[in-house]
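Presented below is the structure to which this report refers.
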Amino acid sequence: MTHDLSTFSDLQKIADEMEKSFKKQKLGVSVKGKSFELQGRTLSDPIKSINEYRDLLHMIFNYAMGNIEGLDLAIGNSMRRALEAFSTFIYGTGIAEVSFDPKVIKSLGNHSRYFENLMYRLVLHGESHFETRVYAMQGDLSFYRFISEEEKQRTCKEVLCFMYCLSPDHIESHIPDAIHEIQKWMADIRTNEEFDIIANPKKRIIHLYDIPLSAGLGENMLDSDIPYVEYETDVEDGDFALRVSGDSMEPDIPNGSTVFVKKQSEIADGISGAFFLNGEVYCKKLLHKDGKVFLCSDNAEYHPIEIHDGDTLKVYGKIVKVLC
């Protein structure tokens with residue numbers, strides 16, 4: 001009995017060779033090898049399960065390579081199923097237990113923290129439904145529904161790298177044509193040192209002003225009397241933050257979003273910034289054209305605001321990040 005699919009296949013091959021050998025020697029002894037898969041308390045034909053598992057690995061690899069047609073909704077669920085099957089074959093337990101087993105994590109070497117974070121996202125946020133039957137077909141297609149195609153492809157690569165890192169022979173036995181690509185992807189997996197720097201950025205406290213920054217009609221002047229709350233952020237260039245009210249800068253800066261502003265007194269044309277104009281604060285882009293100066297919106301339904309002689313225009317700073 002084994003949980004390792006490669007060992008299982010090797011034992012089946014040995015049994016088949018023994019059967020052929022006894023037949024050739026005509027010893028009058030009949031030898032027949034038969035393999036079974038234990039599901040709960042029932043023995044069943046394992047071939048279907050093996051083929052399904054191999055198909056899942058091929059599906060994940062194809063998606064990672066950009067062949068995504070017809071797979072978009074199901075790929076997240078397929079990743080979970082493959083991981084669950086992999087952990088059952090290799091370790092005899094569920095992926096949730098394997099993912100946080102200190103011995104398994106240690107065996108991932110200098111990539112352990114990166115993969116531990118990956119498994120947290122896939123397992124804790126995905127909830128595996130395959131503990132008793134890793135190949136059971138489920139109707140749950142919601143996993144990763146709102147994640148971009150690029151992120152899904154990256155996660156497919158990471159899942160295959162995770163499995164390859166733990167058992168390269170196992171993966172090579174099922175998708176041998178993928179090994180060259182997987183080895184290239186492994187080179188992009190961050191080391192523990194690199195991941196620590198990214199995962200633990202330096203936090204700062206900035207002022208988040210609780211009056212809206214107008215992206216449409218304008219609000220009150222931003223000055224030292226405006227109330228604010230302290231806001232913790234890892235945005236390095238953000239000196240303060242404001243809330244956007246209005247849709248004039250959509251789609252890049254949606255109504256209700258929070259913008260982080262880097263203080264500066266000048267700003268180039270076409271760069272989104274926070275401006276003070278005649279007692280009001282705007283989220284716009286500066287434009288110099290035909291000897292005139294305008295504050296412009298991204299939304300074509302809003303006309304540019306022309307700056308006239310005698311107007312008071314001040315640049316508060318450049319918008320460096322938008323949080324929707």
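We count residues from 1, following the sequence as given. Values reported hereafter were calculated over all heavy atoms of this structure, with side chains retained and with hydrogens, waters and symmetry mates removed.
- Using cut-offs of 30° and 60° for the angle between ring planes, the Tyr228 and Tyr209 rings count as perpendicular.
- A salt bridge is absent between Arg81 and Glu84; no separation between the charged side-chain nitrogens and carboxylate oxygens falls under 4.0 Å.
- Within the 4.5 Å cutoff, side-chain heavy atoms of Ile179 are placed close to those of Tyr164.
- A continuous path of Ile, Leu, Val, Met, Phe, Trp and Tyr side chains, each step under 4.5 Å between heavy atoms, connects Ile105 with Leu166, placing both in one hydrophobic cluster.
- Side-chain polar atoms of Asp311 and Asn278 form a donor-acceptor pair below 3.5 angstrom.
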Q: Go through Asp247 and Tyr302 one step at a time and tell me if the side-chain contact (heavy atoms from CB on, under 4.5 Å) criterion holds.
A: CA-CA 9 Å; Asp247 62 356; Tyr302 289 80; 2.4 Å; yes
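- To the nearest 0.5 Å, atoms CD1 (Ile171) and SG (Cys161) are separated by 10.0 Å.
- Of the possible polar contacts, one joining the Asp269 side chain to the His288 backbone as a donor-acceptor pair under 3.5 Å is found.
- Aromatic pair His170/Tyr91: centroids not less than 6.0 angstrom apart.
- Linking Ile, Leu, Val, Met, Phe, Trp and Tyr whenever their side-chain heavy atoms come within less than 4.5 Å puts Val229 and Phe260 in one cluster.
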Q: Please assess Val315 against Phe275 for the test side-chain contact (heavy atoms from CB on, under 4.5 Å), listing each intermediate value before the final yes or no.
A: CA-CA 5 Å; Val315 178; Phe275 300 89; 3.9 Å; yes
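- Under the 4.5 Å side-chain criterion, counting only non-hydrogen atoms from C-beta, Tyr316 is not in contact with Leu242.
- Residues Tyr282 and Ile271 share a hydrophobic cluster, clusters being chains of Ile/Leu/Val/Met/Phe/Trp/Tyr side chains in contact below 4.5 Å.
- No side-chain heavy atom of Leu108 sits less than 4.5 Å from a side-chain heavy atom of Tyr114.
- Annotation: Lys262, atom NZ; neighbour count of heavy atoms from other residues, nucleotides and ligands within 6.0 Å does not exceed 12.
- Atom CD of Glu236 has 12 or fewer neighbouring heavy atoms from other residues, nucleotides or ligands inside a 6.0 Å radius.
- Cys156 places a side-chain heavy atom less than 4.5 Å from the side chain of Ile75.
- The backbone N or O of Glu301 lies less than 3.5 Å from a partner atom in the side chain of Asn299, making a donor-acceptor pair.
- Inter-residue side-chain proximity for Cys283 and Ile319 is flagged as met; some heavy-atom pair is nearer than 4.5 Å.
- Shown here for Ser167 and Ile90, the closest heavy-atom pair between the two residues is OG-CD1, 4.1 Å.
- In this structure, the separation between CD on Glu230 and CD1 on Ile206 is 10.5 Å, given to the nearest 0.5 Å.
- Scanning all heavy atoms of the two residues, the minimum distance from Ser257 to Ile253 falls at OG-CG2, 3.6 Å.
- Between the His111 side chain and the Asn192 main chain, no donor and acceptor come within less than 3.5 Å of each other.
- Here the closest non-hydrogen pair linking Cys165 and Met186 is SG-CE, 4.1 Å.
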Q) Please walk me through it: do Arg154 and Glu158 pass salt bridge (charged side-chain N to carboxylate O under 4.0 Å, His left out)? A) CA-CA 6 Å; Arg154 183 175 68 86; Glu158 292 172 332; 2.6 Å; yes
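- Atom CE of Met65 is separated from atom CD of Gln153 by 10.0 Å, given to the nearest 0.5 angstrom.
- Note: Asn67 CG to Met59 CE = 12.0 Å, rounded to the nearest 0.5 Å.
- The heavy-atom pair separating Lys152 from Met79 by the smallest distance is O-CE, 4.5 Å.
- Residue Gly273 comes nearest to Ile267 through the heavy atom pair CA-CD1, 3.9 Å, listed as atom of the first residue, atom of the second, then distance.
- Closest approach of Asn77 to Arg80, counting heavy atoms only: OD1-NH2, 2.7 Å.
- Using cut-offs of 30° and 60° on the angle between ring planes, the pair Trp185 and Phe61 is tilted.
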(Q) Evaluate Lys106 against Ser112 for side-chain contact (heavy atoms from CB on, under 4.5 Å), listing each step before the verdict. (A) CA-CA 6 Å; Lys106 185 177 181 180; Ser112 59; over 6 Å; no
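- Remark: the backbone N or O of Val320 is not paired with any side-chain donor or acceptor of Asp237 at under 3.5 angstrom.
- For Glu181, the salt bridge (Lys or Arg N to Asp or Glu O under 4.0 Å) partners two or more places apart in sequence, or in a different chain, are Lys184.
- Here the straight-line distance linking atom CG of Asp55 with atom NE2 of His174 works out to 11.5 Å at 0.5 Å rounding.
- Counting heavy atoms from C-beta on, the side chains of Ile175 and Leu160 come closer than 4.5 Å.
- Between Met249 and Val244, every side-chain heavy-atom pair lies at or beyond the 4.5 Å cut-off.
- In summary, the side chains of Lys284 and Ser297 do present a donor paired with an acceptor at a separation below 3.5 Å, with no hydrogens or angles considered.
- Note that NZ of Lys292 is 12.5 Å distant from CD1 of Ile307, once rounded to the nearest 0.5 Å.
- Residues Leu57 and Met163 form a side-chain contact, since some pair of their non-hydrogen atoms from C-beta on lies under 4.5 Å apart.
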Q: Step by step, work out the side-chain contact (heavy atoms from CB on, under 4.5 Å) result for Leu295 and Leu277.
A: CA-CA 9 Å; Leu295 291 181; Leu277 176 62; 4.1 Å; yes
